[in-house]
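Bear in mind that the values here come from a model prediction, so they are computed numbers and not experimental data.
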Amino acid sequence: MRRGTVHIVDDDPAIGRALALVAKAAGIEAEAHVSAEAFLDRFDPETTGCLVTDVRMPGMNGLELQRAVKARDAATAVVMISGHAAVSMAVEALKGGAVDFIEKPFDETVFLSAVRTAMATTQEQSERRLEQERQRDRLGQLSAREREVMDLIVAGRSSPSIARALGISVRTVETHRARVMEKMDAGCLADLVRLSVRFAE
């Protein structure tokens, strides 16, 4: 998966084009959009590196766009920009998951720093989601009994204790334990515990 494009949404075409040129000059793929609706029509979670959007726009505003993007793809990081910033807007944007809120006018360094941070955040979140999906797939391969054994292992129960709790032999517990470790791709107990914790997040 390559999320390499920064999408800039601003109802002032001149600003959108200027920011796109700044990004491209820094070696970052960029596209400008004149409205939230125009961006959403082309939104592709597979390639979107991050979203930079103005807060105040006709039609759907930046905060509404942020919520719409998160509903479609929780991994895409958002940077808010505004020429008429209010503290309440910044707080709402940041609480909604925006990685930065920058006020116009801003220099290229501030803009590029925010974009690079946002793109790195998107990549990290995307990789985390992929790993969670892999873990869910592994978990889905476990039988009901194997899942019971795994839960008790992670809870710190010994094989004899698990055997008593489930009414099975210690040998059967060890067999299930080996299958759990193999299916979950866990090299040791600590790996299994970490996988279980991540899945629960």
task = Check whether any side-chain heavy atom of Met80 sits under 4.5 Å from a side-chain heavy atom of Val52, and report yes or no.
result = no

query = Of the non-hydrogen atoms in Ser143 and Glu146, which two are nearest, and what is the gap between them?
reply = N-OE1, 2.9 Å

inquiry  = Do Val79 and Val115 have side chains that approach each other closer than 4.5 Å (heavy atoms only, starting at C-beta)?
reply    = no

query = Given Arg138 and Met184, is the side chain to side chain contact (heavy atoms under 4.5 Å, CB included) satisfied, shown in steps?
reply = CA-CA 5 Å; Arg138 293 173 192 146; Met184 294 299 291; 3.8 Å; yes

key: Salt-bridge present (Asp185, Arg134; N to O < 4.0 Å)   = no

inquiry  = With rounding to the nearest 0.5 angstrom, report the OG to CG distance, Ser35 to Asp11.
reply    = 9.0 Å

ask   = So, for Thr76 and Gln125, which heavy atoms are closest and what is the spacing to 0.1 Å?
value = N-OE1, 4.4 Å

message = Run Leu142 and His176 through side chain to side chain contact (heavy atoms under 4.5 Å, CB included) and show every step you take.
response = CA-CA 10 Å; Leu142 299 180; His176 286 314; over 6 Å; no

Hydrophobic cluster membership, Ile15 vs Leu21, 4.5 Å side-chain cutoff = no

key: Charged N-O contact under 4.0 Å between Arg194 and Asp191   = yes

Considering all heavy atoms, the nearest Val149-Arg177 contact = CG1-N, 4.3 Å

note = In this structure, CD1 of Ile153 is separated from CZ of Arg157 (nearest 0.5 Å) by 11.5 Å

message = Salt bridge check, Glu31 against Lys24: does any charged N sit closer than 4.0 Å to a carboxylate O?
response = no

key: Residue list, ring pair (Phe, Tyr, Trp, His ring centres under 6.0 Å) with Phe39, at least two apart or on another chain   = His7, His33, Phe43

query = Does Thr122 reach the main-chain N or O of Ala77 with its side chain, forming a donor-acceptor pair under 3.5 Å?
reply = yes

task = Taking Thr48 for its side chain and Asp44 for its backbone only, find out whether a donor-acceptor pair lies under 3.5 Å.
result = yes

ask   = Can you find a heavy atom in the side chain of Glu103 that is under 4.5 Å from one in the side chain of Ile81?
value = no

key: Atom CD of Glu182 with >12 non-hydrogen neighbours under 6.0 angstrom   = no

ask   = Taking the side chain from Glu124 and the backbone from Thr121, do they hold a donor-acceptor pair closer than 3.5 Å?
value = no

message = Hydrophobic clustering (ILVMFWY, side-chain heavy atoms < 4.5 Å, transitive) - are Met57 and Val55 grouped together?
response = yes

ask   = At what distance, to the nearest 0.5 angstrom, does OG1 of Thr175 lie from CZ of Arg171?
value = 6.5 Å

key: Main-chain N/O of Leu166 paired with Glu148 side-chain donor or acceptor, under 3.5 Å   = no

query = From Phe106 CZ over to Asp100 CG, what is the distance, rounded to the nearest 0.5 angstrom?
reply = 10.0 Å

inquiry  = Taking Val110 as the starting point, is it possible to reach Val6 by hopping between hydrophobic residues whose side chains are less than 4.5 Å apart?
reply    = yes

query = Would you say Ile102 and Leu51 are hydrophobically clustered, going by side-chain heavy atoms of ILVMFWY under 4.5 Å?
reply = no

request  = For Ile168 and Val173, run side chain to side chain contact (heavy atoms under 4.5 Å, CB included): C-alpha distance rounded to whole Å, both residues' side-chain angles, the deciding distance at 0.1 Å, then the answer.
outcome  = CA-CA 7 Å; Ile168 57 179; Val173 170; 3.6 Å; yes

task = State whether a side-chain donor-acceptor pair under 3.5 Å links Glu174 with Ser159.
result = yes

Spacing of Phe111 atom CZ and Lys104 atom NZ [to the nearest 0.5 Å] = 11.5 Å

ask   = Considering all heavy atoms of both residues, which atom of Pro160 and which atom of Val170 are nearest to each other, and what is their separation?
value = CA-CG2, 3.9 Å

ask   = Taking the side chain as C-beta and beyond, is there a heavy-atom pair between Val9 and Val34 under 4.5 Å?
value = no

query = Is a side-chain donor-acceptor pair under 3.5 Å present for Ser169 with Thr172?
reply = yes

query = Donor-acceptor pair, Arg72 side chain versus Leu40 backbone, under 3.5 Å?
reply = yes

note = Heavy-atom nearest pair, Leu139 first then Met150, reads CD1-CE, 3.6 Å

key: OG1-CE distance between Thr53 and Met60, expressed to the nearest 0.5 angstrom   = 10.0 Å

key: Exercise: identify the closest heavy-atom pair between Met119 and Gly4   = CE-O, 3.3 Å

task = Please check if the side chain of Lys70 supplies one atom and the backbone of Leu65 the other of a donor-acceptor pair under 3.5 Å.
result = no

message = What I want to find out is whether Arg56 reaches Asp10 closely enough, with some N-O distance under 4.0 Å, to be called a salt bridge.
response = no

ask   = Heavy atoms, side chains only, cut-off 4.5 Å: are Val78 and Cys50 in contact?
value = no

